[in-house]
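The next block holds one structure in the form of structure tokens; read it before the comments.
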Amino acid sequence: MSAVTAEHEHDEHHDHGPEKGLLRWIITTNHKDIGTLYLLFALAMFFVGGAMALVIRAELFEPGMQFVSPQFFNSMTTMHALVMVFGAVMPAFVGFANWQIPLMIGAPDMALPRMNNMSFWMLVGGILLLASTLFMEGGAPASGWTLYPPLVLQTGAALPFAIFAVHMLGISSIMGAINIIATIFNMRAPKMTLMKMPLFVWTWLITAFLLIAIMPVFAGAVTMLLTDRFFDTSFFNAAGGGDPVLYQHIFWFFGHPEVYVMILPTFGVASTIIPVFARKPLFGYSSMVYATAAIAFLSFIVWAHHMFTVGMPIAGELYFMYATMLIAIPTGVKIFNWTATMWQGSMTFETPMLFSIAFVVLFTLGGFTGLMMALAPVDFQYHDTYFIVAHFHYTLVPASIFILMAGGYFWLPKWTGNMYDEKLAKFHFWLSAISVNILFFPQHFLGLAGMPRRIPDYAVQFADWNMVSSIGAFIFGFSQLLFLYIVIKTIKGGTGEKVSDEVWEDAHKHGLEWTLPSPVPYHTFATPPEKIPTEHF
Amino acid sequence: MKTKQLFASLLLMAYGLGTAQADYTLNLMEGVTSISKDVYGLHMLVLWVCVFIGIVVFGAMFYSIYFHRKSRGYQASNFHESTKVEILWTIIPTVILILLAIPATKVMLEMDDVQDSEMTIKVTGWQWKWEYEYLDSGIRFFSSLDEASNKARQLNSGIDPRTVPNYLLNVDKPLVVPINTKIRFLFTAADVIHSWWVPDLGWKKDTIPGFINEAWTSVEKAGTYRGQCTELCGKDHGFMPIVVIAMEKADYAAWVAEQKSAAVEAASAAEKDWTQEDLIAQGEKVYANNCASCHMADGAGIAGTFPAVSNSPVVLGDMNAQVELMLNGKGMMPAFGQMLDPVDFAAVATFIRNGLGNAVGDSIQPAAIKSLQAAIPEVVYDDDDE
């Protein structure tokens, strides 16, 4: 570590600012620029994926087919999920990681800056390739984001392109993960021991290991689809001695940790924000770290709870039921810890805190339904209905997405030096928090009442709640334009008031980033900081 | 009109949805089997456990949000650790989970026990219909979306789904079962994965090509129970409902006898000579039910996915090649040799050569189809799933 430090002290002498013009963004190796690129790209994809969701909700507004063909509807559900998962939520957290990890651990940049640039542009290429399938003969993939064979093999010209897009996204994620691990292990300030790292850094460290473990598995699964389709192999073709269920096992061995890839950094940001506004240290720092690690470990041994109805032997059903129920324990510890952090704090409710509290409450609701569907015999009823749709949207939208908003409001003043419009931001929060429940809560009722997921039209007894849900969707969707407006306004100067270095009251006790000037200079921590804050653990 | 409906639906919500749709429900249905009732009990148990935990956790959180705020002048404490508390809130959830796992395991074991079943029905999923085969009595038929729903569900059909009885939940030929009889179901699929779900029976099971899954039921109450396919299986996934009619045992026996005599009649219809006119008339109906969802009602197909039938070189060419293709399928085209009886098969083969803009002029007799079908080897599945 001392060698690295010496080198950077040396670098200080020819410190320079960013390139001029557009080229700055294309060739940049600066972690802040790349973080910004990731975040803006994710925001754009959030609107693309959101528009697809609104196509779905428009068609489901009323019974009967009004706007799109069933095939296109299926393409929309598939592409909505792929774009949101791989284009919006994951890149947004990588954006936070790029911006924040070096600032939080006192490093001058990411460990592998050139690879950092490459992983961003691979992501853009992968998503563009994926989006291009919408215009191909036979349409975009329409088999759900899980890409189950044999159905996915009926995809038209789009199949090889979608598979190659998945490969590119996977390579991009793996490079990003390697970079994060290398940075955290090698570039921490001397006094920043592992158990003194902010929880956001911890959760990303664990997430990065998950990514490295699972992305090759997914790449392998889709490559087997490719050879089944084009090279006459029979991995998943029963007529050739293969097994369609094998794909589901491989997919969910990737897929279950993948959902934690989206939720662990969420936990990290929430654990960073709540103590600042409760004016108290995070409760149970070390138990938070252990709980995160426990959740990550469990995520690898519960995958088949996504496939209770495929006809597993009874021993398999019972094992996956018990293992899945165990997840409730570390997740519960986290929720209790956040509650205890708020307990006897001196709380204020700026927008980042509002989004974080909404996250804790609504994520807990998603956790409850998760516990319900862990019980295999009851899941025989819930499986593949709108109850599931409600469950995972509760764990993703008012959880991951809300925390992304919270983090945006929390760090944007630090990054830009400008304060966002608090009044407008609170309005954005309340619109989002109310409409997201109008959107997703009725879907619990629909699922329990018997409405399957991924259907473009439904029996008339489901009409009322679908209409309510669609109304919620449109309010929620259009409310996010307000977020876009607030972000642009803040970047362009915000309220005009210049923020202090610590931005939030006593924030310097909670993280190294708040000891830097606002806006954060283009190059930071050329020499590692001597002192580190101790308030967050 | 939409605003009116919107307004009406908001009003309905205000007055409670129960009155709006008699068969509407906000919760899981209890169902009509002992298993479905156990599942419902388990669902309610875990729901109440969640509600209770929610009240405690959210109660503490909202108490704190209300009282421990800076605007009330509350001074922050500085505690941030307590091993005792941490152990406590690890152990309590563990105990709750164990208490939930015990009844769940019981129900799971009960569901899995297909022993001593009195009859067996094999269910095969097809894109996009169900095939039912009563292994004990030899009855076999296909069941697909009823005509009224099928018309109304077309894009911009102009038909209000509310005027269609049991819209999207009705079939041309329902599955009929006797009550109070332990029925074993075997599930498989012909093309892609489907999933067979009737909520009142308390479970769903995937139907997977090349594999056999098992489940059982014993319906306690006569009635009509509806469900749907629950595994995405292509464009018409939303349009392959399931209807189960559970009958008193005597009524069921009468139904079986009726089916058997109908099968004899159908066999003799396949022997007689049909005029081209009759074949085309019959074929038009068969086309609408079996072919139109992919090749479209006018035979134009969907460019890039489903080939056109109108002016298709296959249809305009040698009839034997066309019949071959229809019998055995190709790619996404299912093998209709196992799906249609000789009369319907000959009728639709003749219809597409002489309708939908084609005018080849020839026809084929059911008897000829029958001998071709006899040559198709029976599919034998390995029951190696157990």
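Reckoned from all heavy atoms, side chains included, excluding hydrogens, waters and symmetry mates. Predicted model only: the values in this text are computed from it and were never measured.
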How about [X] and [Y]: do any of their side-chain heavy atoms sit closer than 4.5 Å?
X        : Y        : value
B/Ile193 : A/Gln248 : yes
A/Gln344 : B/Tyr74  : yes
A/Phe283 : B/Ser82  : yes
A/Ser287 : B/Trp89  : no
A/Leu282 : B/His80  : no
A/Thr309 : B/Trp197 : no
A/Gln381 : B/His43  : no
A/His383 : B/Thr230 : no

Region of [X] in contact with chain A, defined by heavy-atom distances below 4.5 Å:
X        : answer
B/Ile53  : both
B/Met108 : both
B/Phe306 : neither
B/Gln127 : side chain
B/Leu232 : both
B/Ile92  : neither
B/Leu109 : both

Any donor-acceptor pair under 3.5 Å linking the side chain of B/Asp206 with the backbone of A/Gly311?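 No, B/Asp206 side chain to A/Gly311 backbone: no donor-acceptor pair under 3.5 Å.
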Between A/Pro244, A/Pro456, A/Gly156, which shows the greatest number of heavy-atom pairs under 4.5 Å with chain B?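 Max contact count across the listed options: A/Pro244.
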When rounded to the nearest 0.5 angstrom, what is the spacing between CG in B/Leu97 and CD1 in A/Ile329?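 The CG atom of B/Leu97 sits 5.0 Å away from the CD1 atom of A/Ile329.
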Minimal non-hydrogen separation, [X] against [Y], with atom names:
X        : Y        : value
A/Met347 : B/Ser64  : CE-OG, 3.3 Å
A/Ala238 : B/Pro209 : CB-O, 3.3 Å
B/Leu155 : A/Val68  : CD1-O, 3.4 Å

Engaged part of [X] at the chain B interface, taking heavy atoms whose separation is under 4.5 Å:
X        : value
A/Glu317 : side chain
A/Tyr382 : both
A/Met136 : neither

Listing request: all salt bridge (Lys or Arg N to Asp or Glu O under 4.0 Å) pairs with a residue in residues 48-76 of chain B, at least two apart in sequence or in separate chains.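 Sorted pair list: A/Glu505-B/Lys70.
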